[in-house]
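So the structure is just underneath, and the comments pick up after that.
The analysis underlying the following values was restricted to heavy atoms, covering all of them including side chains, and did not include hydrogens, waters or symmetry mates. Chain letters run A, B, ... following the sequence lines, proteins first and then strands; every chain starts at 1.
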Amino acid sequence: MSKNININVHHLTRVEGHGNIVVNITDGTIEKCQWQVPEAPRFFEAMVRGRRYDDIQTIVSRICGICSISHSLVATRAVEDALKLEVTEQTDLVRHLLHYSEQLQSHVLHVGYLVAPDLFGEKSVVPLVPKAPDAVKTIIKAHRVANQMSALLGGRITHPVTLTPGGMTRVPSTEELKALKKELEAIVPDLVTICQVVLSVAGGLPNFTRDTEYVSLWQTHPRHKGTLSDYTFYHGDIISTDSKGTVVPISKWESVANEYVSPQSTAKWTKWHRDSYAAGALARFNNQAEKLSPLGKKVAEMFGLKKGCCNPYFNSVAQLAECAHVVEASLEIIDKLLTKGTKFEKVKVTPRAGRGHAGIEAPRGILFHSYEFDKNGNCVWGNCCIPTNQNHANIQLDFDKLVPKYMDEGEDALRQKMEMLVRSYDPCISCSTHYLDIEFVR
Amino acid sequence: MSKPRVAIFDFACCEGCQLQIVNLEEEIIDLIGVVDVVEWREAMSEQSHEYDIAIIEGSITRPEDEHRLQIIRSRAKVLIALGACAAIGGVNKMKNNFDFNEVKRCVYGKDAEMPHLATTTTRAVHEVVPVDFTIPGCPINGEEFARVVRELLLGKTPTIPDYPVCVECKAKENVCRYEYGEICLGPIIRAGCGAPCPTAGWRCFGCRGFVDNPNVDAAKEVMEKYKLTVDDLKQKMVLFNSK
Amino acid sequence: MSVNTVSKDQFKQFVAALIASEPSVVGVQAKGDRFVFDDLKSADALRLDYDVSILSPRKYVMPQKETLLKFEVGGDCQSVQDGKPLILLGVHPYDMAAINQMDELFSQDEYDTHYMCRRRQITIIACDVVSPSKNVFASSMGTATVQHGYDMLLTDVGESIIVEVRTDKGRVLMNHMPAARPASEDDLAKRSAVWEKNQHVLNKHVLECKPSYLPKLLEKNYDHPVWEEKARLCYSCGSCNQVCPTCYCFDVQDVVNWDMKTGSRVRVWDGCLLENFATVAGDHNFRKNRSSRFRHRLYRKGKYVPGKIGGQIACVGCGRCITACTADIANPVNVYNQLMERTDIG
Amino acid sequence: MCECCTQEKKDIYLPELATITKRRMLNGTELYMHLQLDSGLEMEYTPGQFVEVSLAGIGEAPISISSTPTQKGLELVIRNVGTLTRAIHKLDVGAKLGIRGPYGSTYPVEQAKGKDLVFVCGGIGLVPQRSFIRYVLDNRADYGKVTVLLGTKCYDMRLFREEIAMWMERKDMCVMETIDEAHDCWDGNVGVVTTLIPKIENELPNSLVMVCGPPVMYKFVLMSLAEADVPQGNIFVNLERRMKCGVGKCGHCQINQHYVCQDGPVFRYSDLADVPEAI
Ligand SMILES: Cc1cc2nc3c(=O)[nH]c(=O)nc-3n(C[C@H](O)[C@H](O)[C@H](O)COP(=O)(O)OP(=O)(O)OC[C@H]3O[C@@H](n4cnc5c(N)ncnc54)[C@H](O)[C@@H]3O)c2cc1C
Ligand code: SF4
Ligand code: SF4
Ligand code: SF4
C-alpha cells in the first residue's frame with residue numbers, strides 16, 4: 001500500500017469548464033484534498049447593467065452553452081417577474097417543452113458521452129464507437145432527437161432565440177408538434193436500451209454514500225398539479241430533504257443559497273441547513289420521486305435507485321430516470337397543445353421599474369436569477385446563482401469522506417474515483433460566475 | 001495520407017461552440033474517421049502536445065491565458081478561432097465597456113481584490129496570436145464547421161460568407177423584422193448561420209460580427225426611416241461587437 | 001385550348017384529387033400574415049386569393065441549391081438531373097412572365113439541360129390576380145395578364161372559376177375535374193372583365209414611360225446622380241436579388257462528402273448586389289462601389305437582359321424588391337421615373 | 001430523369017477528363033502544363049479562346065489556351081492565386097483534370113491575314129497571346145510584320161524564357177522586352193510595358209494591336225496607343241472577369257451588356273470604348 005499519494009488533476013476532462021483536483025497524502029496523512037475551480041471570470045452580472053429588458057436572456061444565455069436554455073428561460077421569467085408580465089398557458093406549455101428538450105439532451109450527453117466511458121474503462125466515447133457501435137448510435141440518436149426538439153422550440157439548439165419577455169416569438173405548428181410526438185414516441189425504446197447498456201456496467205459505480213442535504217424546486221403552480229410536470233423542473237419554490245416540508249419562496253433564494261467563503265477551501269460555497277447541500281437530478285429525485293412518470297419509476301427500479309439515496313455517483317442514474325420522465329411529460333404536454341391547436345400570440349410590454357426573481361431546475365440543479373430594472377426597462381442590477389456553484393462545497397465534503405475510504409486502493413484508483421465523483425455531479429463550471437482563490441500544487 | 005491531428009482548447013466562454021461539434025451527431029463518427037482528435041478536454045481524457053490543427057474556443061481575458069495561447073500557437077500548424085468569443089471577443093467583450101475595478105466590485109463585492117480575479121481587456125484570439133481561419137457565430141453553425149474542416153483537409157481555403165445575414169433570411173422567406181417596426185442587425189452582420197434568429201421571429205443580434213464593409217451610416221439613416229433611434233441600434237450592436 | 005367553368009367547391013375537389021394522386025403538388029399558402037409557395041398538404045391550405053408570395057416560384061424552376069454533377073474527388077464527373085415531376089399551383093401572370101424569360105435564357109445559345117429538364121417536368125397552373133399586393137406594378141410592365149407558358153390558367157370570377165387548358169399536360173389534369181363544363185359566353189365575358197381590370201389595377205407604382213423605352217432611357221443615364229443618391233443607403237444585402245423572379249445569377253461550388261472521396265458540384269443563387277460578385281484574383285473588384293452594383297441591377301433589368309430576349313424588360317413588376325429592401329431604395333419605378341425627369345424623351 | 005434533354009443535348013457543365021502529359025514551373029508562381037484529352041480527340045479551338053479547367057472537389061476556373069491548334073494537345077499556364085490553382089500546382093504528370101470548352105471569342109486570325117501585328121503583353125497576359133503568336137509563326141507567310149512587346153514586373157517572373165530567346169533570334173519577327181524593376185542579371189529595358197510603345201510608333205497605325213495583361217495595364221497601354229493614333233477598331237483586348245459557368249448563364253463576367261465568356265474574352269476595342277465598366 002502506498003503511503004504517499006500525489007494527485008494533481010489539472011483541468012479535469014469530460015466536464016464543462018475547468019476544475020482541478022489536488023490531493024497530497026504523505027505517510028498516510030492527508031495533507032491536502034481539494035476541489036478547485038480556476039475558470040476565467042466573465043462578470044455577467046456586471047455586463048447586464050444598462051441593457052434593455054429584452055436583451056437580458058440573450059446575454060446571460062452565454063453563461064453556459066450546455067444549459068443555455070435554462071439560463072434563457074429563468075432570465076426571461078425573472079424579467080417577467082420584475083416587469084409584472086403574465087404569460088399565456090400556450091407560452092407556459094411551449095416553454096416547458098423547450099426546457100424538457102434541454103434536460104433530455106443534457107442528460108443523454110452526460111450519461112452517454114461523459115460518464116459511460118468511465119464505466120467502460122475508456123478515456124472517451126471515441127473508443128466506444130468500435131467497441132459498442134450500436135450503443136453509441138442509440139445514444140447519438142436520442143441526443144439528436146432531443147436537439148431537434150430544442151431547435152424546433154428554441155429556434156436553434158443552443159442559445160435559444162424564441163424567448164422574449166411576455167411570450168414566444170415563434171410557436172411550433174400543430175404539424176410540427178405531431179412530427180415531434182412521433183419522434184419522441186420512437187425514442188422510448190432507445191432510452192430503455194441505453195438504460196440497459198448502462199445497467200450492464202453499473203457495477204462500476206462505487207458504493208459510496210454520505211448523508212447529504214438535497215435541494216430542489218417543489219411544484220407550487222396550480223396548472224401543473226396532477227400532471228407529469230408536477231415533478232417539477234420549471235415552476236415552483238424551494239424545498240430540501242432537510243426542510244421538513246417547508247417551502248421557501250423563490251424570491252428568498254438568497255436565504256437558501258447562503259454564499260460564503262470557506263477557510264479550508266477555495267471555491268465560494270453555499271449552505272443551507274448544513275455545511276453544504278447538493279443540487280441536481282438526485283436532489284430532484286430525492287424530493288419528488290413519487291411524482292416520476294411510470295417509465296421514469298421503472299428506470300429507477302431497474303437500478304435499485306430509491307428515494308433517500310445518498311450515493312452521489314447515482315446522480316447519473318437519476319438522470320436516466322429523468323430522461324424517461326421528460327419524454328413522457330413532453331408527450332403529455334404535446335397532447336394538451338394539440339387539443340387546442342397553436343397560434344402565434346403577439347406580446348406587448350410596457351417597461352416599469354422593479355426587481356424580479358426566478359428559479360428553475362437546470363439539468364445539473366437548481367438555478368436562480370434576479371434582476372432589477374429602472375422605469376425605462378434598463379437593467380440596474382443582476383444576480384445569478386448557478387447549480388454547479390451550489391455543488392462545489394458538497395463535492396469537497398464528499399472528497400473529505402471519500403479519500404480516507406479509498407486511499408488504500410492506490411493513487412490511480414483513487415484518482416479515478418475522484419474524477420468520476422466530480423463528473424457525476426455533471427458540473428458545468430463554465431457556468432460559474434462566483435469563485436474564489438485558486439492554488440496549484442505541482 | 002495520415003490523419004491530421006486536431007486538438008480543441010477552450011478559454012473564457014460558455015463552451016457552446018464545442019457542444020455544436022458534439023451536436024454534429026452521427027457526423028461526428030465521420031469526423032473522427034478523417035481526423036485524429038488528440039486533445040479535447042470537454043469530451044475525452046487524453047492530452048497531447050503534438051497536433052497539426054488547434055481549434056481555439058473562447059476569448060482571452062487573463063495574462064495566464066495569453067501565455068497558454070502562445071504555447072498552443074507555437075505547436076500548431078493551423079490555428080482556427082472557433083465561435084464569437086474567439087473570433088471577435090463575444091459577449092465577454094461587453095466587459096470592456098466598463099471600468100474593471102467597478103466590474104469586479106459589482107460581481108464580487110468585498111472579495112473583488114482577490115488576486116485570481118485579475119482581469120484584463122477581453123481580446124479575441126487574433127488580437128493575441130495570428131489566426132489562420134475563423135469560424136464565427138455564437139454558437140457556431142455545426143454545418144459550417146463541418147464544411148470548413150473538410151475543405152481544410154482537402155487543401156482548400158475555407159471561405160466564410162462576406163455578405164449580410166439578410167441574404168439567408170430572405171432565402172428562408174421570412175418577413176423582415178423591420179416590417180414589424182423592430183431593429184435587426186441582419187443587414188450589417190456576416191451570414192453563414194442560415195439566419196436562425198429572424199427565422200424564429202427574433203432579431204439578428206450580430207453574433208457573427210460585421211461583414212467586412214458594413215454600411216453603418218446607412219443603418220443609422222434607415223433607423224430614422226423606421227422611427228427607431230440610433231441609440232436603439234447601438235444598444236444592439238454592443239452585445240457582440242464591443243471594442 | 002379549351003376553356004371550362006367549375007364551381008369553387010368542384011375546384012376544391014380538383015385540388016384534393018391532385019394532392020391525392022400526383023407525386024408532388026406545390027401551391028400558395030399562408031405563412032403568418034404573408035404567403036409562400038410550399039408543398040400543398042390539403043386543398044384548404046391553398047390560397048389563390050393571395051397578393052404576392054415572399055419568394056417567387058423561381059425557387060422551383062431554379063432551386064436555391066441544385067446539384068449539377070456528382071464526382072470523385074480529383075476524378076471523373078457525372079451529370080445529375082435532380083428535377084422531379086411537380087405541379088406548381090397558383091402562379092401569378094407576372095411570375096409566369098418571369099419564368100417564360102428564364103426558359104428563353106436557359107435554352108438560348110448554350111442549352112442548360114439542368115434548368116430545362118427540371119422545367120419540363122413542371123406543370124404550371126397559373127392564376128389571375130385577385131388581390132393586388134401593396135407594391136405591385138405589373139400593369140406598368142405589361143405583365144398583369146399572361147398569354148402563354150402555363151399549362152392551365154385559373155381565373156376567379158366570383159362564384160366560379162374559369163379554367164383555361166393550354167397544353168397536353170393541362171389536358172391530362174382535367175381528368176381530375178369531371179364536373180367542369182365548357183365556359184359560356186357569359187363566363188368568358190366575366191373573365192375578360194377581370195383581365196381588363198387587372199391591366200389597370202396592378203399598378204401601385206406608375207412607370208411614366210412605356211417599358212420598351214427603358215433601354216434607351218438607361219443608355220442616356222449611366223452617370224446620372226440617382227445611382228449614387230440611392231446607393232448611399234444600400235446595404236449590399238442582395239435582398240432585391242433574392243426575391244426577384246427574374247434574377248438568375250448563380251455561383252458554383254464543389255461540396256465534398258465526409259468520405260473525402262466523393263462529392264457534388266452544386267449551383268446556388270448569387271446576387272449582383274453582393275459586394276464580391278465581380279471580384280477576381282488579386283482582390284480586384286470590377287464593381288467595387290455600391291452605386292455601380294446598384295446600377296448594374298437596374299441596367300440588367302432594363303437593358304442588358306432585354307438585349308438577350310428580344311427586348312422584353314426583365315422586371316415584371318411584382319414589387320417584391322420594393323418590399324424586401326430595408327433601405328427602401330430598390331424600387332425600379334422610382335429610379336426609372338427619376339431618370340425620366342431629367343431626360344427628354346426623344 | 002428527363003430524357004428529352006439528356007438524349008439530344010449534352011450537359012454544358014460536364015467536363016471531360018484530360019491527362020497532364022508535361023509540367024514545368026515557369027517561375028515561382030506560374031505552372032506550365034501540357035494536356036491530352038482522354039478521349040484521344042483533339043480539341044478544336046482558335047487562338048484567344050479559353051477552357052474551364054476543374055479539379056473535382058476543389059473547383060473550376062476559366063484558363064486561357066496557350067497552345068495553338070496547329071499543335072497536338074493543350075497547353076495551359078496557371079498562376080497560383082487561390083484554392084484551385086494551388087491544388088493544380090500540386091499535380092504531377094499523369095494526373096487528371098476536367099476540361100470544358102473551348103469557350104469565348106477568338107483573335108481575328110482570318111481578318112489579320114496579310115496585316116502587320118503587334119502584341120502587347122503584360123505578365124501573364126503573354127499566355128493567351130502566345131497562342132496567336134505561335135499560330136502566326138506556324139503560318140508565317142499569311143501575316144505581315146510581327147512585333148511582340150513584353151513587360152514583366154520583375155526579372156524572376158519572366159515566362160517562357162527559352163521560347164522568347166528563340167523568338168528573339170528570328171529574323172521574321174521583332175521582340176522587345178522590359179521589366180518593371182531593375183535586376184543584376186538584366187541588361188535590357190527597364191520600365192513598364194508602355195515605355196516600349198514609342199519605339200514602334202511608326203508601325204503602330206497600320207497594325208492590328210493585341211493587348212493582354214493585368215487589369216491596371218489596359219488603361220495606360222490604351223492611352224499610349226491612342227497617342228500613337230492607332231484606330232480603336234485595330235485594337236483587340238483580352239479581358240478577365242470572374243466566371244462561374246463560362247457559357248453565358250451565371251452573370252458574373254458581365255460587363256455592362258457584354259458577357260466576357262461569350263462576347264469575349266477577346267474584344268475589338270472599338271466595341272468596348274463606350275462600355276464604362278470594361279477597362
Ligand atoms: C477568360 C479567362 C482566362 C483566364 N486565363 C488564365 C490563365 O491562363 N492562367 C491563369 O493562371 N489564370 C487565368 N485566369 C484567371 C483564373 O481563372 C483565376 O485566377 C482563377 O479562377 C482563380 O481560381 P482559384 O480557385 O485558384 O482562386 P480562388 O481561391 O477561387 O480565388 C482567388 C481569387 O480569385 C477570385 N476568383 C474566384 N473565381 C474567379 C474566376 N472564376 N475568375 C477570376 N477570379 C476569380 C476570387 O475572388 C479571389 O479573389 C483567366 C480568367 C478568365 C476569365
Ligand atoms: S429580418 Fe433581419 S436579417 Fe432578415 S431581412 Fe430583415 S434585416 Fe435582414
Ligand atoms: S426588379 Fe423588383 S419588381 Fe422587378 S421583377 Fe425583380 S423583384 Fe419584381
Ligand atoms: S435590397 Fe436594397 S439595400 Fe439590399 S442590396 Fe438591394 S438595393 Fe441594396
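- Looking at heavy atoms from C-beta onward, Lys9(D) lies out of side-chain contact with Met116(C) at the 4.5 angstrom threshold.
- Side chain of Lys249(D) to main chain of Tyr111(C): no donor-acceptor pair is present (N/O by atom type, distance under 3.5 Å, no hydrogens or angles).
- Heavy-atom distances place both the backbone and the side chain of Val252(C) under 4.5 Å from chain D.
- Most heavy-atom pairs under 4.5 Å with chain D, from the set Val256(C), Val73(C), Leu69(C): that is Leu69(C).
- Proximity to chain D is limited to the backbone of Leu105(C), based on heavy atoms less than 4.5 angstrom apart.
- Contacts between Asp38(D) and chain C at a heavy-atom distance below 4.5 Å are absent for every atom of the residue.
- Relative to the six-membered ring of Phe277(C), Arg242(D) misses at least one condition, a distance below 6.0 Å or an angle of at most 45° to the axis.
- Interface residue Ile58(D): only backbone heavy atoms are found under 4.5 Å from chain C.
- In this structure, chain C has a heavy atom under 4.5 Å from the side chain of Gln262(D), while its backbone stays farther away.
- If you measure heavy-atom distances from Gln253(C) to chain D, you find no contacts under 4.5 Å at all.
- Distance alone, capped at 3.5 Å, is enough to place a donor-acceptor pair between the His252(D) side chain and the Phe250(C) backbone.
- Contacts between Lys261(C) and chain D at a heavy-atom distance below 4.5 Å are absent for every atom of the residue.
- A donor-acceptor pair shorter than 3.5 Å can be found between the side chains of Asn256(D) and Tyr304(C).
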side-chain contact (heavy atoms from CB on, under 4.5 Å) between Cys250(D) and Tyr248(C): does it pass, once the steps are laid out? CA-CA 7 Å; Cys250(D) 79; Tyr248(C) 64 94; over 6 Å; no
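- Looking at Asp270(C), only its side chain comes within 4.5 Å of chain D, counting heavy atoms on both sides.
- Both the backbone and the side chain of Val247(D) come within less than 4.5 Å of a heavy atom of chain C.
- With Asp254(C) contributing its side chain and Ala56(D) its backbone, the two residues share no donor-acceptor pair below 3.5 Å.
- Ranking Glu72(C), Arg287(C), Lys303(C) against chain D, the residue ahead of the rest is Arg287(C), based on heavy-atom pairs under 4.5 Å.
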